[in-house]
Amino acid sequence: MQSTLTVPEAGRLHVAIIMDGNGRWAAARGRPRTAGHRAGARAVRRAVEAAVEIGLGTMTLYAFSSDNWKRPANEVSTLLGLFRDYLRGQAARCLERGVRVRVVGRRDRLPADVLAAVGAAEVLTAGCRKLALRLAVDYSARDAILGAASRVRPEDAGSLDRESFARLLDPAHPDAGAAPDVDLLVRTGGERRLSDFLLWECAYAELCFLPVMWPDFTRAHLEAALSDFASRERRFGALSRAASA
Ligand code: FPP
């Protein structure tokens with residue numbers, strides 16, 4: 001299926017995805033939740049390949065929320081292991097495809113092997129310019145905003161603009177500049193909530209909730225979400241084109 005967006009348009013887009021439904025996908029097949037996460041990791045690989053082929057500018061994937069620490073220990077270690085294995089196994093492929101990998105979220109609670117994989121993938125792909133892939137791990141948007149607020153210098157407190165504040169949201173990459181605002185937020189799995197994901201960056205995001213469980217997500221679903229996005233009129237608080245003509 002072809003996207004209705006032309007590549008130059010897609011190249012400016014930031015698509016963020018809440019990858020939900022792994023557990024239900026597994027339960028429907030009588031398998032453990034961890035099997036759903038393994039299938040979910042395969043869907044991540046497909047989604048990244050699709051994003052490159054479509055020509056997206058930025059894609060942020062919600063891989064592990066700060067609230068996911070509340071899950072059973074074996075599920076947490078499976079998720080973090082899959083994340084580590086993705087970085088180890090796909091970093092070279094990302095380099096080859098021009099995908100710059102950055103991990104956003106807290107790092108101080110990640111196991112050493114995960115941290116090492118994060119560092120290696122970020123260094124290897126630092127020069128890539130085609131797709132900016134952001135993986136949110138131990139991530140909470142409210143904590144990111146609180147952290148940014150705590151990093152505002154007292155002398156800037158009264159005069160900080162939004163762009164300067166946004167640069168403080170990701171302390172792991174202080175020279176990276178602010179991530180672009182999210183244009184399209186996709187959530188799979190049928191639920192309709194934001195779950196503490198990119199609350200600042202999604203101020204004017206178009207929201208797309210899909211019934212498909214994440215392990216079944218394919219390029220066609222991403223194309224369909226982008227087609228839906230392309231049909232919407234974004235007004236950013238201004239009047240519609242028709243009303244202002
Ligand atoms: C939500 O499904 C999904 C997660 C909490 C984790 C997402 C992780 C992956 C897709 C795999 C690993 C990540 C990478 C980047 C390789 P859920 O378990 O809450 O599903 P449910 O709502 O059906 O229970």
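Order of appearance sets the numbers: ligands from 1, and atoms from 1 within every ligand. These numbers were taken from a predicted model, which means no experiment stands behind them.
- When the heavy-atom distances from atom 10 (C) of ligand 1 to Leu133, Leu82, Asp85, Asn22 are ranked, the shortest goes to Asn22.
- Residue Asn68 has no nitrogen or oxygen atom sitting less than 3.5 Å from a nitrogen or oxygen atom of ligand 1, judged on distance alone.
- Each of the following atoms of ligand 1 lies closer than 4.0 Å to a heavy atom of Ala63: 6 (C), 7 (C), 8 (C), 15 (C).
- A salt bridge links Asp183 with Arg234: the distance from a Lys NZ or Arg NE/NH1/NH2 to an Asp or Glu carboxylate oxygen falls below 4.0 Å.
- Side-chain contact annotation: His37 with Thr34, donor-acceptor N/O pair under 3.5 Å absent.
- Residue-environment remark: CZ (Arg93) exceeds the threshold of 12 foreign heavy atoms within 6.0 Å.
- The closest approach between a heavy atom of Gly21 and any atom of ligand 1 is below 4.0 Å.
- Heavy atoms of Asp20 come nearer than 4.0 angstrom to ligand 1 in at least one pair.
- To the nearest 0.5 Å, atoms CG (Asp108) and CG (Leu115) are separated by 9.0 Å.
- Within the 3.5 Å criterion, the main-chain N or O of Pro215 finds a donor-acceptor partner in the side chain of Arg46.
- At a 4.0 Å heavy-atom cut-off, ligand 1 does not touch Gln90 at all.
- With a heavy-atom cut-off of 4.0 Å, Leu79 touches ligand 1 through its side chain alone.
- Donor-acceptor pairing under 3.5 Å is recorded for the side chains of Asp138 and Ser66.
- When non-hydrogen atoms are compared, ligand 1 lies under 4.0 Å from neither the backbone nor the side chain of Phe64.
- The shortest N or O to N or O distance between Arg71 and ligand 1 is below 3.5 Å.
- Using bins of under 30°, 30° to 60° and over 60° for the plane-to-plane angle, the ring pair Tyr139/Tyr62 lands in the perpendicular bin.
- Near Tyr86, meaning under 4.0 Å from one of its heavy atoms, ligand 1 places the atoms 16 (C).
- The nearest heavy-atom contact from the protein to atom 14 (C) of ligand 1 is Val44 CG2, 4.0 Å.
- The contact set between ligand 1 and His37, taken as ligand atoms under 4.0 Å from a residue heavy atom, comprises 11 (C), 18 (O).
- Polar contact with ligand 1: absent for Tyr62 (N/O pair, distance under 3.5 Å).
- At under 3.5 Å, not a single nitrogen or oxygen of Trp214, backbone or side chain, sits near a nitrogen or oxygen of ligand 1.
- In summary, of the residues considered (Arg134, Arg107, Arg100), a salt bridge (charged side-chain N to carboxylate O under 4.0 Å, His left out) with Glu122 occurs for Arg107 alone.
- Side-chain polar atoms of His14 and Glu201 form no donor-acceptor pair below 3.5 angstrom.
- Distance alone, capped at 3.5 Å, places no donor-acceptor pair between the Arg31 side chain and the Trp25 backbone.
- Atom 1 (C) of ligand 1 has as its closest protein heavy atom Met19 O, 3.2 Å.
- Only side-chain heavy atoms of Arg33 come within less than 4.0 Å of ligand 1; its backbone N, CA, C and O stay farther off.
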